[in-house]
Amino acid sequence: MPPMSKVELYAAIRRDHRDGMSMRELERKHGVTWRTVRKALDSAWPEPRKKLPPRATALDPFKPVIDEILRTDLDAPRKQRHTVTRIFHRLVEEHRADVSYGMVRYYVASRKPEILVESGKAPLEAFVPQTHQPGHEAEVDFGDVSVRLAGELVTCYLFSFRLSHSGKAVHRVFASAGQVAFFEGHVHALVS
């Protein structure tokens with residue numbers, strides 16, 4: 001049986017406590033300490049894990065050097081910019097860095113877009129929520145649909161109407177995609 005999650009463990013402890021088990025019995029049955037039992041009885045949700053501070057790496061002293069190389073590359077012609085391999089070799093040869101290629105590659109991949117944004121050469125990521133006023137916008141479309149009528153395959157036209165504010169959709173199938181079907185579809189969608 002797979003080990004239960006902390007949420008499941010807390011639920012089991014609370015359930016057994018409601019059934020009348022003592023704190024000590026709960027500890028033995030679930031193999032936990034009295035603190036865990038107390039936390040489970042006090043809260044249905046376990047407290048979130050604490051974030052650990054980032055560990056120091058061998059690359060930390062050389063990050064400003066890499067940043068400076070990436071900043072100077074912003075103005076250099078495309079063919080003259082540093083590759084990750086070239087940056088790695090410069091760190092090893094010029095600065096006697098004892099770092100791996102993977103560390104440099106990972107750092108450059110994460111830092112290059114940030115430097116582009118800082119310099120103003122790349123757009124900031126932005127989120128613009130769509131807002132639609134009630135009754136102001138709708139989307140309408142016709143599409144081909146094959147229907148089997150009396151055992152025969154017939155091509156008909158699906159009228160699709162969707163209100164942008166509520167997301168309500170109305171669909172009708174017509175024999176043609178003419179103007180009469182278009183108006184009839186609107187009447188049906190707006191009346192229903």
Side-chain angles (χ1 to χ4, degrees), residues 1-74 81-134 137 139 162-171:
M1 187 165 123
M4 65 173 81
S5 70
K6 215 169 194 182
V7 173
E8 293 169 333
L9 175 66
Y10 276 31
I13 290 172
R14 285 192 312 280
R15 186 174 45 252
D16 290 342
H17 182 70
R18 278 192 306 267
D19 292 342
M21 289 181 86
S22 69
M23 293 276 287
R24 197 168 297 262
E25 289 173 323
L26 291 170
E27 290 174 33
R28 277 192 219 109
K29 179 179 178 184
H30 297 287
V32 295
T33 64
W34 66 271
R35 280 190 179 94
T36 305
V37 172
R38 184 79 268 152
K39 287 179 185 177
L41 297 177
D42 289 343
S43 172
W45 296 101
E47 56 196 35
R49 287 188 173 194
K50 294 177 185 163
K51 292 271 188 186
L52 295 174
R55 283 189 335 199
T57 66
L59 189 64
D60 285 347
F62 305 103
K63 286 181 178 179
V65 174
I66 296 172
D67 288 352
E68 187 55 38
I69 291 171
L70 293 175
R71 282 191 190 95
T72 57
D73 279 353
L74 292 174
R81 294 182 192 154
H82 286 79
T83 62
V84 176
T85 306
R86 181 67 190 125
I87 293 172
F88 171 71
H89 287 303
R90 278 190 64 185
L91 289 176
V92 171
E93 293 165 6
E94 296 173 14
H95 301 280
R96 305 277 186 253
D98 185 23
V99 295
S100 70
Y101 174 80
M103 290 173 77
V104 175
R105 184 184 67 214
Y106 179 77
Y107 180 73
V108 169
S110 65
R111 192 69 179 113
K112 195 182 254 187
E114 294 171 0
I115 289 176
L116 278 170
V117 169
E118 290 169 8
S119 69
K121 297 199 177 201
L124 283 170
E125 283 191 31
F127 174 74
V128 179
Q130 288 189 5
T131 56
H132 302 283
Q133 298 297 320
E137 294 179 39
E139 298 172 5
R162 190 181 73 79
L163 291 169
S164 298
H165 175 73
S166 66
K168 177 188 173 193
V170 175
H171 304 288

> Are Glu118 and Arg111 side-chain neighbours, meaning at least one heavy-atom pair lies under 4.5 Å?
Replying inline: yes
> With distance as the sole test, does His165 use its side chain to make a donor-acceptor pair with the main-chain N or O of His132 at under 3.5 Å?
Replying inline: yes
> Stepwise, does the side-chain contact (heavy atoms from CB on, under 4.5 Å) test hold for Thr57 with Asp60?
Replying inline: CA-CA 6 Å; Thr57 66; Asp60 285 347; 3.2 Å; yes
> Heavy-atom count around His17 NE2 within 6.0 Å, excluding the residue itself: above 12?
Replying inline: no
>> Return the CD to OG1 distance between Glu137 and Thr131, rounded to the nearest 0.5 Å.
In response: 8.5 Å
>> Can you list everything that forms a side-chain contact (heavy atoms from CB on, under 4.5 Å) with Lys121? Sequence neighbours excluded, please.
In response: Leu74, Asp75, Leu116, Ser119
>> Going by the rule side-chain hydrogen bond (donor to acceptor under 3.5 Å, both in side chains), which residues pair with His82 if we only count those two or more places apart in sequence or in a different chain?
In response: Asp73, Arg90
> Would you say the side chain of Glu27 lies within less than 4.5 Å of the side chain of Thr33, judging by non-hydrogen atoms?
Replying inline: no
> Please walk me through it: do Ile87 and Leu70 pass side-chain contact (heavy atoms from CB on, under 4.5 Å)?
Replying inline: CA-CA 9 Å; Ile87 293 172; Leu70 293 175; 4.0 Å; yes
> So do Met23 and Arg38 actually touch side chain to side chain, heavy atoms under 4.5 Å?
Replying inline: yes
> Between CG of Leu26 and CZ of Arg14, what distance do you get to the nearest 0.5 Å?
Replying inline: 11.5 Å
> For the atom pair CG (Asp98) and CE (Met103), what is the distance rounded to the nearest 0.5 Å?
Replying inline: 9.0 Å
> Salt-bridged, Glu25 to Arg28, with N to O below 4.0 Å?
Replying inline: no
>> Tell me whether the count of non-hydrogen atoms from other residues, nucleotides or ligands lying under 6.0 Å of CD in Glu94 goes above 12.
In response: yes
> Looking only at heavy atoms, what is the nearest atom pair of Ala58 and Pro61, with distance?
Replying inline: O-CD, 3.4 Å
> Just wondering, are more than 12 heavy atoms of other shown residues or ligands nearer than 6.0 Å to OH in Tyr106?
Replying inline: no
>> Working note: Asp42 + Lys39, criterion salt bridge (Lys or Arg N to Asp or Glu O under 4.0 Å); need CA distance, chi angles, decisive distance, verdict.
In response: CA-CA 5 Å; Asp42 289 343; Lys39 287 179 185 177; over 6 Å; no
>> Rounded at 0.5 Å granularity, tell me how far CD1 in Ile115 sits from CD1 in Ile69.
In response: 10.0 Å
> For the atom pair CD1 (Ile66) and CD (Glu68), what is the distance rounded to the nearest 0.5 Å?
Replying inline: 12.0 Å
> Considering all heavy atoms of both residues, which atom of Phe62 and which atom of Val99 are nearest to each other, and what is their separation?
Replying inline: CD1-CG1, 4.4 Å
> Under a 4.5 Å cut-off applied to non-hydrogen side-chain atoms, are Glu139 and Ser164 in contact?
Replying inline: yes
>> Can you list everything that forms a side-chain contact (heavy atoms from CB on, under 4.5 Å) with Ser43? Sequence neighbours excluded, please.
In response: Trp45
> Heavy-atom distance under 4.5 Å between the side chains of Thr36 and Tyr10, does that happen here?
Replying inline: yes
> How long is the gap from CD on Glu8 to CD1 on Ile13, to the nearest 0.5 Å?
Replying inline: 12.0 Å
> Quick one: do the Tyr107 and Asp67 side chains pair a donor with an acceptor below 3.5 Å?
Replying inline: yes
> Taking all atoms of both residues into account, what is the closest heavy-atom pair of Ala12 and His30, and its distance?
Replying inline: CB-CE1, 3.7 Å
